[in-house]
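Report on the following structure.
Given the structure is predicted, the values throughout are model-derived calculations rather than measurements.
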2 protein chains.
Amino acid sequence: MSKSQCAPDEALECCTSLAAEPIDVEQAEKIAPLLKALGDPARLRLMSLILSHEGGEACVCDLLPSFDLSQPTISHHLKVLHDVGLVGRERRGTWVYYSARPAAMAAVGSLFDTAVLA
Amino acid sequence: MSKSQCAPDEALECCTSLAAEPIDVEQAEKIAPLLKALGDPARLRLMSLILSHEGGEACVCDLLPSFDLSQPTISHHLKVLHDVGLVGRERRGTWVYYSARPAAMAAVGSLFDTAVLA
DNA sequence: TGTCAATATTGACGCATGTCGAAATCACAG
DNA sequence: CTGTGATTTCGACATGCGTCAATATTGACA
């Protein structure tokens, strides 16, 4: 059984700025995987390519040409992004479309709100 | 020679939202390490503890009690954060104070600006 | 049904990472 | 200068990660 499920929005509604107060252990363990998933150049670019692609979604064939990596490797990175809930996946015919999940992105972004106060 | 230098602000002035346009390879390779550094629960909590600590800085002895990890492990995580430029380090007497570097935090945060448009 | 194109999974490989205990620095007090 | 507490570095270990080639799956279409 491959557990390729996309993590739902449990982790996505619970976070404020890192600077506001010390984040608690549970929050940290929920959010860190999202940052970790984005902490690879290929996946960061994939996220950006998907976000800035027409309609906010892109199929694998749209993304592949931007990389020197093999197709299985790209597929693997997309699975990582999907597993942590940063992107959604939808099959339409032969193609699989990946789309950004704004709530997850916003959750990560909120960590850095008002971080400019220090 | 241990290269424990703190990466200067090269990577910190060059980034806009991931959604605005596809991030280029060089930017991705500069920013991804920052996200990777934050992609560990212990380091995410360290960052938050430092940011929300009085004066925006904290010595190792302030941070240690919040973790079940050994002191060398905490020191290692702080070094990771320092090496990517997310925190500064200053020795004052016997103690070493770590402080958040707002520019680095802002650089990361800017990736998620307007990501809510999709 | 059978073939083809798009995507995912598997298995393997080296390399990086998180963790610890032990030892080394570093700075101050006596 | 010797000792003591704070912090870093070292060496080692197990685990995780990025990558690929090979194979499997899925869906469209003849």
Expressed in angstrom and rounded to an integer, what is the separation of [X] atom [atom1] from [N] atom [atom2]?
X: Glu90(A); N: dA6(C); atom1: CD; atom2: P; value: 19 Å
X: His76(B); N: dA6(D); atom1: NE2; atom2: P; value: 23 Å
X: Leu78(B); N: dT9(D); atom1: CG; atom2: C1'; value: 14 Å
X: Gln71(A); N: dT23(D); atom1: CD; atom2: P; value: 15 Å
X: Lys79(B); N: dT19(C); atom1: NZ; atom2: C1'; value: 16 Å
X: Arg89(B); N: dT7(D); atom1: CZ; atom2: C1'; value: 9 Å
X: Asp40(B); N: dT17(C); atom1: CG; atom2: P; value: 11 Å
X: Leu46(B); N: dT19(C); atom1: CG; atom2: C1'; value: 14 Å

Does a nitrogen or oxygen in the side chain of [X] sit under 4.0 Å from OP1 or OP2 of [N]?
X: Thr73(B); N: dT19(C); answer: no
X: Tyr98(B); N: dT8(D); answer: yes
X: Lys36(A); N: dC17(D); answer: yes

From the options [options], select the nucleotide whose nearest atom is closest to the side chain of [X].
X: Pro72(B); options: dT8(D), dT7(C), dT19(D); value: dT8(D)
X: Val96(A); options: dC20(D), dT7(C), dT19(C); value: dT7(C)
X: Leu69(A); options: dT7(D), dC20(D), dT19(C); value: dC20(D)
X: Trp95(A); options: dG18(D), dT7(D), dT7(C); value: dT7(C)

dist Leu86(A):CG -> Leu38(A):CG (nearest 0.5 Å) comes out at 5.0 Å
Once you round to the nearest 0.5 Å, how far does CD of Glu29(B) lie from CG of Asp24(B)?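 Atom-to-atom, Glu29(B):CD and Asp24(B):CG are 9.5 Å apart.
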Problem set entry | Touch class at under 4.0 angstrom, heavy-atom based, for His77(A) against every strand present |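 Here His77(A) touches the backbone only, sparing every base.
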*asked:* Please classify the nucleic acid contact of Phe67(B) as base, sugar-phosphate, or nothing, using heavy-atom distances under 4.0 Å.
replied: nothing
Any side-chain heavy-atom pair of Leu111(B) and Leu35(B) under 4.5 Å:
yes
So the salt bridge (charged side-chain N to carboxylate O under 4.0 Å, His left out) pairs with at least one residue in residues 44-71 of chain A (sequence neighbours excluded) are Glu57(A)-Arg92(A)
Exercise. Using heavy atoms to find the nearest nucleotide of DNA chain D for Tyr97(B) and Val80(A) separately, return the residue whose nucleotide is more 5′.
Key: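 The answer here is Tyr97(B).
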| request: Could you tell me whether the side chain of Ser99(A) and the main chain of Gly56(A) form a donor-acceptor pair under 3.5 Å? | output: no
Ser48(B) (side chain) donor-acceptor with Glu21(A) (main chain) under 3.5 angstrom: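 Answer holds: yes.
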Given protein heavy atoms under 4.0 Å, the one-letter contact record of nucleotides 24-29 of chain D, with B base, S sugar-phosphate only and - none, is simply --SSS-
